[in-house]
Amino acid sequence: MDLDHLNPAQRDAVQQLDGALLVLAGAGTGKTTVITHRIAALLRSGIPARHILAVTFTNKAASEMKARLITMLPEFNTKRMFVGTFHAFGCSVLRRFGDRLGYSKAFAIADTDDQNGVLKQVLTDMKLGEGELKFEFFKNGIRHANNNMQNAEGIRNSGRMSWFSTLADVYDAYQRRLKSMNLVDFDDLLGLPVKLWTMDQRILEEYRDRYRYLLIDEYQDTNRIQAEMIRLLSGTRKNICAVGDDDQCIYGWRGAEVNNILEFEKGYPGARIFKLEQNYRSTNNILAAANAVITNNSRRHTKTLWSEGTSGDQIKLFEVATETVEANVIADLVQDIRYEKDIPYNEIAILFRSNFQSRVFEQSLREHRIPYRIVGAKAFYERREIKDALAYLKVLHNKADNMSLLRILNVPSRGIGEKTVEKLKEIAETTDSALVDALENEEFLASTRSAVAKRVREFSEAFQRGVENFDESMSLSAKVRLYLDDIGYLAGLKTIYKIREEQAVRVENVEEFINSAALFEERFAETASLQNFLESYALMDDNDRVREADAEIENVTLMTVHAAKGLEYEIVIVAGLEEDLFPHELSVKEDNLEEERRLFYVALTRAKQQLVLSRARTRMRYNRKEIRCPSQFIAELPQELIDSTQLRNEIAPAKQEYVSSIFDTMRERYS
């Protein structure tokens with residue numbers, strides 16, 4: 001295999017095939033290249049494809065890896081190896097052996113709405129959780145327990161305060177209710193395979209024998225249970241290649257354990273460590289700034305990014321009077337970049353720490369007639385009519401899914417009110433049946449008005465026809481259309497949405513949803529079942545939910561720094577660099593300053609050609625104007641890399657009075 005195009009560090013990592021190794025891949029250093037070439041090296045050394053497991057965190061990363069492997073290795077059947085996300089892998093384990101844990105193999109995956117609905121019902125039944133704060137407390141408590149591999153008893157024994165016992169009861173009730181509906185949540189997709197392997201050594205050995213070479217991408221983002229899953233799977237062979245960058249560990253708030261990568265050698269004694277430091281993305285000035293900032297973190301693997309490219313422009317830094325002026329100055333700058341430097345809008349990103357900051361940028365960009373898109377805004381699959389269509393299909397696939405049935409039972413209206421629903425629940429509990437089966441119960445039908453009973457019967461009959469039709473040989477999209485039409489949803493859209501223009505938009509969206517079933521069938525002809533279609537939706541991550549077509553249109557991108565991870569742009573503008581905003585005040589209070597600094601490092605290293613930083617001297621907060629202090633991260637930037645005067649000549653004269661050189665002031669403040 002020709003490895004001449006790899007740098008020495010990359011070649012060393014690729015050629016180390018056996019044993020444990022940690023590849024510390026700094027931002028933009030070609031980690032995907034290393035992973036794909038290492039897989040190629042394994043295959044060409046005689047390792048069968050079925051013995052290779054490669055897991056990452058996003059479907060986008062997995063798809064890119066698969067595409068590269070197909071191009072690189074046309075002579076190998078790369079479909080026999082597993083390349084996908086942790087959750088997809090866990091799901092595949094449960095499809096085979098979930099019955100050992102009491103689940104049918106047709107289990108469904110509860111989405112966020114399902115999970116929230118189940119938890120709210122549990123809290124209502126237990127007379128707990130009045131107010132959003134309590135709901136969030138229990139939700140986070142369950143998530144924390146799952147990430148730390150705790151069951152109800154473990155929660156109960158983890159502390160002496162009374163709320164530990166209450167949380168344990170809620171956790172137990174939540175898990176039992178999910179299981180009664182043959183549902184698993186996202187945490188279960190990780191925790192249940194570990195539970196299965198722990199209780200049945202034979203199944204674990206079967207997986208160890210199947211997957212003998214493990215490659216883990218973005219290892220810094222693993223939580224405790226993901227690390228345990230990989231530890232169990234690696235067995236005594238310990239043929240594990242973990243690739244990641246502790247300097248980019250920014251998801252501690254959702255369970256990522258930076259210690260997994262910092263202490264890799266403790267878990268895998270004798271592991272070899274390779275550092276990828278040659279950057280192929282950014283100019284050396286940008287890299288020098290990022291290096292200078294991140295060295296202020298005490299707990300990290302030392303590495304220094306560098307490039308064979310030019311030094312590039314200095315980093316532009318400016319402060320303005322208010323957040324509104326900041327947005328206007330940035331909009332002016334974006335226009336200059338677009339038309340004077342001929343850089344397309346879709347190569348420009350405006351990053352910020354928190355979602356609320358997007359409002360002023362949206363307003364200013366609209367006023368300047370600059371097209372933009374917001375990553376993380378309401379995506380196609382989050383729209384009400386699409387969630388309704390999905391719920392219709394989910395209950396068809398898994399009739400025990402009471403949450404989905406309750407969502408669509410009266411959509412469009414069938415005259416089924418709260419009292420009727422309560423009677424339905426009572427009948428279902430008495431007869432120990434799913435709600436959809438209880439709809440046919442004569443006692444229930446007799447308890448409703450005749451007109452309502454007639455519509456319920458029509459619903460039940462259409463539902464049963466849907467079950468039968470999905471066994472027919474029609475295309476998946478044809479079955480979906482026939483079912484949604486027969487059960488009254490397509491025609492009902494016109495009664496749900498009264499405004500004609502809104503009706504048209506909603507109908508177009510549902511038509512696009514049906515088209516997505518056709519595209520799914522075209523892509524996965526051999527496995528295009530309803531179960532797999534729903535599973536592909538459930539396993540989508542945030543990157544998937546932003547339609548690819550949106551990324552191709554020439555729009556400026558607005559997003560949080562968290563959402564920018566893994567992306568790159570010619571021009572990156574980081575706004576709102578003020579104390580208590582970036583770094584965020586809660587992170588500072590919780591002693592998470594190092595993670596906030598890693599987040600700033602990620603922001604800097606998204607830029608390829610030009611980096612712009614800004615902050616406001618005052619900002620509206622809680623309906624009053626506050627004086628803002630510059631972020632301490634600005635003071636950590638080397639002075640020689642900063643240009644805070646050049647911008648004066650590039651912005652409108654009316655705004656020049658707001659621009660000032662602030663570097664020396666900030667350095668004095670934080671020195």
Side-chain angles (χ1 to χ4, degrees), residues 53-67 69-70 78-96 98 103-115 182-190 192-193 217 379-383 385-398 401 403-404 407 466 470 474-481 483-484 509-551:
L53 174 81
V55 291
T56 187
F57 280 82
T58 68
N59 292 315
K60 181 182 177 182
S63 296
E64 180 185 349
M65 204 179 296
K66 289 176 185 176
L69 289 168
I70 290 170
T78 54
K79 290 183 179 179
R80 299 207 65 194
M81 70 179 72
F82 183 94
V83 180
T85 64
F86 272 99
H87 289 90
F89 176 65
C91 187
S92 71
V93 174
L94 294 179
R95 287 289 177 212
R96 289 190 63 203
Y103 295 87
S104 123
K105 292 185 179 180
F107 68 81
I109 301 170
D111 62 19
T112 302
D113 285 349
D114 295 331
Q115 295 169 47
N182 202 29
L183 293 175
V184 298
D185 65 17
F186 298 114
D187 292 330
D188 289 332
L189 293 175
L190 304 175
L192 291 178
D217 189 18
F380 179 74
Y381 284 100
E382 297 301 318
R383 294 171 182 173
E385 66 274 18
I386 304 304
K387 282 185 168 290
D388 288 341
L390 278 163
Y392 269 106
L393 294 178
K394 285 161 71 176
V395 73
L396 187 71
H397 166 63
N398 173 27
D401 187 350
M403 296 300 300
S404 292
R407 179 184 180 97
F470 268 83
M474 289 183 292
S475 69
L476 178 63
S477 58
K479 293 174 186 175
V480 170
R481 179 183 296 280
Y483 170 61
L484 294 179
N509 287 338
V510 175
E511 289 291 343
E512 179 63 22
F513 170 72
I514 296 172
N515 289 340
S516 73
L519 293 172
F520 178 82
E521 190 167 32
E522 184 178 305
R523 185 177 178 188
F524 303 101
E526 298 174 2
T527 58
S529 65
L530 177 60
Q531 174 177 293
N532 290 341
F533 176 62
L534 293 174
E535 187 174 295
S536 72
Y537 159 73
L539 293 176
M540 281 182 176
D541 50 54
D542 291 338
N543 285 325
D544 300 315
R545 294 176 191 273
V546 178
R547 287 184 288 184
E548 291 182 7
D550 292 342

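Quick note: residue numbers are just sequence positions, from 1. Keep in mind that what you see is a predicted model, and the values were worked out from it rather than measured.
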message: Distance check, rounded to the nearest 0.5 Å: Leu189 atom CG versus Ile109 atom CD1?
response: 5.0 Å
- request: Report yes or no: is the cationic atom of Arg95 (NZ for Lys, CZ for Arg) under 6.0 Å from the centre of the six-membered ring of Phe107, at an angle within 45° of the ring normal?
  value: yes
message: Measuring only between side-chain heavy atoms, which start at C-beta, is Leu190 closer than 4.5 Å to Phe89?
response: no
- request: Start with the C-alpha gap between Leu393 and Phe513, add the side-chain angles, then the distance that decides, and say whether side-chain contact (heavy atoms from CB on, under 4.5 Å) holds.
  value: CA-CA 12 Å; Leu393 294 178; Phe513 170 72; 3.7 Å; yes
message: Run the side-chain contact (heavy atoms from CB on, under 4.5 Å) test on Leu530 and Lys479 for me, step by step, so that the C-alpha distance in whole Å, both residues' side-chain angles and the decisive distance to 0.1 Å come before the verdict.
response: CA-CA 9 Å; Leu530 177 60; Lys479 293 174 186 175; over 6 Å; no
- prompt: Do you know the tightest heavy-atom contact between Ser404 and Ala391?
  reply: CB-O, 3.7 Å
Test item: Lys105 side-chain N/O and Arg96 main-chain N/O as donor-acceptor pair under 3.5 Å: yes
- prompt: Does the side chain of Val55 come within less than 4.5 Å of Phe82's, by heavy atoms?
  reply: yes
Heavy-atom closest pair, residues Ala62 and Gly84: CB-CA, 3.8 Å
- request: Hey, can you tell me if Phe524 and Phe520 have their rings parallel, tilted or perpendicular (30° and 60° cut-offs)?
  value: tilted
- line: CG of Leu183 to CG of Asp401, rounded to nearest 0.5 Å, is 4.5 Å
- prompt: For the side chain of Arg481 and the backbone of Asn515, is there at least one donor-acceptor N/O pair under 3.5 Å apart?
  reply: no
statement: Between Phe186 and Gln115, the two heavy atoms sitting closest are CD1-NE2, 3.1 Å
message: Parallel, tilted or perpendicular: which one describes the rings of Tyr483 and Tyr392, with boundaries at 30° and 60°?
response: perpendicular
task: Give, for atom NE2 of His397 and atom CD of Glu535, the distance between the pair rounded to the nearest 0.5 Å.
output: 8.5 Å
task: Compare every heavy atom of Ala106 with every heavy atom of Gln531, then report the nearest pair and how far apart it is.
output: OE1-CA, 3.6 Å
Residue pair Tyr103, Leu94: steps toward the side-chain contact (heavy atoms from CB on, under 4.5 Å) verdict: CA-CA 8 Å; Tyr103 295 87; Leu94 294 179; over 6 Å; no
field: Smallest separation among heavy atoms of Leu396 and Gly466, with atom names
entry: CD1-C, 3.7 Å
message: Rounded to the nearest 0.5 Å, what separates atom CD1 in Ile514 from atom CG in Leu476?
response: 10.5 Å
task: Look up atom OG1 in Thr78 and atom CE in Met65, then write down how far apart they are to the nearest 0.5 Å.
output: 12.5 Å
field: Close side-chain approach of Leu69 to Met81, heavy-atom, < 4.5 Å
entry: yes
- prompt: Considering all heavy atoms of both residues, which atom of Glu521 and which atom of Ser475 are nearest to each other, and what is their separation?
  reply: OE1-CB, 3.2 Å
field: Heavy-atom check, side chain of Thr85 versus side chain of Leu539, under 4.5 Å
entry: no
- prompt: Are any of the side-chain heavy atoms of Asp111 and Lys387 separated by less than 4.5 Å?
  reply: yes
field: Side chain proximity check, Val510 to Asp388, heavy atoms < 4.5 angstrom
entry: no
- prompt: Just wondering, do Ser516 and Phe533 contact through their side chains at under 4.5 Å, heavy atoms?
  reply: yes
